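Structure first, commentary second.
As the structure lists them, so they are numbered: ligands from 1, and atoms in each ligand from 1. One is the number of the first residue; the rest follow in order along the sequence. Everything numeric here is computed off the predicted structure, so don't read it as measured data.
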Amino acid sequence: MKVTVVGAGAVGASCAEYIAIKNFASEVVVLDIKEGFAEGKAMDLMQTASLNGFDTKITGITNDYSKTAGSDVAIITSGIPRKPGMTREELIGINAGIVKTVSSNLLEHSPNVILIVVSNPMDTMTYLVHKTTGLPKNRIIGMGGALDSARFKYRLAEALEAPISDVDGMVIGGHSDTGMVPLTAHATRNSIKVSEFLSEERLAQVSEDTKVGGATLTKLLGTSAWYAPGAAVSSMVQAIACDQKKMFPCSAFLEGEYGLNDICIGVPVLLGKNGIEKIVKIELAEAEKAKMKESAEGVRKTNSLLTL
Ligand SMILES: NC(=O)c1ccc[n+]([C@@H]2O[C@H](COP(=O)([O-])OP(=O)(O)OC[C@H]3O[C@@H](n4cnc5c(N)ncnc54)[C@H](O)[C@@H]3O)[C@@H](O)[C@H]2O)c1
């Protein structure tokens, strides 16, 4: 499997590193617009190969898409990240132009590629790729829910004072501070609902901490996070590479599912060799349905800022 990562910044490099360490891809090409930057990141990462025990070949290139030819999966991380106090939605002006050009360049050299969109505001960038590339919907996947769910599990484990491996949970909805819908009623510790162990107030706090998970890190780091985003992307790419049919909440183009149409938003999907193999429909509680509807309204508001 050949994987291209566009953007050799914090998130792009972390994606390349985790994909290589997991050793399922033969080749990872990292591309950036900044002269020599991707080459430098790739060389540094390749010098970890003997230490970390992987055989994936990582190469870096400056803006030459011919070197990405024949990619099976491409990850779009190019664009600006937010600074403390900013929302993801504020990035739309610059990132929309970048994502549009990058996806068209990728497809020119890899017509069969599966695209994973990471750049923010991610649901709107995923929608933009749908509207501008005409690719079938199974081949355009937005990464947000996999990361938000990892943050949810971290917060649940913290509240339960339990190891994270005891905990399961999922976040659907828009990838924004107000749009995320942590499914607290479905979350479990060793198959027991977490509501058996945590008060309603504590669970509400877990939800809030999850929703501002990105903003909390941006405030601490001065830029947005990269380790967990890279790990989330690498798990999704592995599910595709190994045809795992593994379930992740991903931003997918909806045509009636969850009562929504003509929108990309986080819902549970199965990832396998064809990208999105299936959108999984689960029964939501009334409160969760209302939150999902509200979340979709927020995503549509950001989508309306696009010039398609
Ligand atoms: N979806 C998520 O869960 C999630 C999580 C974290 C970050 N993000 C988003 O990912 C994006 C990248 O974040 P980062 O922290 O890696 O930023 P960064 O600034 O560290 O890296 C971005 C890289 O993109 C490159 N770039 C810019 N324009 C380009 C172009 N036209 N072609 C190729 N490369 C180009 C830049 O040179 C830079 O190296 C941001 O939009 C951020 O908000 C999304």
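Only side-chain heavy atoms of L147 come within less than 4.0 Å of ligand 1; its backbone N, CA, C and O stay farther off. Residue-level proximity to ligand 1 for W226 is absent, since no heavy atom of it falls below 4.0 angstrom. Contacts between R88 and ligand 1, counted as non-hydrogen atom pairs separated by less than 4.0 Å, are absent for every part of the residue. Under 4.0 Å from ligand 1, the heavy atoms of L91 that appear belong solely to its side chain. Contacts between D32 and ligand 1 below 4.0 angstrom, taking non-hydrogen atoms only, involve backbone and side chain alike. At a heavy-atom distance under 4.0 Å, atoms from both the backbone and the side chain of S78 approach ligand 1. Contacts of N95 with ligand 1, taken as heavy-atom pairs under 4.0 Å, involve the side chain alone. For A232, no heavy-atom contact with ligand 1 is shorter than 4.0 Å.
A salt bridge links R155 to E158: at least one charged side-chain nitrogen sits closer than 4.0 Å to a carboxylate oxygen. Note on K211 versus D177: no salt bridge recorded, every NZ/NE/NH1/NH2 to OD/OE distance being 4.0 Å or above. K289 and E283 are joined by a salt bridge, as a carboxylate oxygen and a charged side-chain nitrogen come within less than 4.0 angstrom of each other.
Close approach of ligand 1 to F37 is summarised as follows: ligand atoms under 4.0 Å from at least one heavy atom of the residue are 39 (O). For ligand 1, the atoms closer than 4.0 angstrom to any heavy atom of S224 are 7 (C), 15 (O). Taking every non-hydrogen atom of A225 and a distance limit under 4.0 Å, the qualifying atoms of ligand 1 come out as 6 (C). Close approach of ligand 1 to N120 (heavy-atom distance below 4.0 Å) involves ligand atoms 4 (C), 8 (N), 9 (C), 41 (O), 42 (C), 43 (O), 44 (C).
With contacts defined as side-chain heavy-atom distances shorter than 4.5 Å, the pair V194/T184 does not qualify.
Summary of contacts: the protein heavy atom closest to atom 20 (O) of ligand 1 is A10 N, 2.9 Å.
In the model, D168 has no side-chain atom that pairs as donor or acceptor with a side-chain atom of T188 under 3.5 Å. Between the side chains of N274 and E277, at least one donor-acceptor pair of N or O atoms lies under 3.5 Å. A donor atom on one side chain and an acceptor atom on the other are found under 3.5 Å apart for T4 and S71. Neither side chain, D209 nor Y154, offers a donor N or O lying under 3.5 Å from an acceptor on the other.
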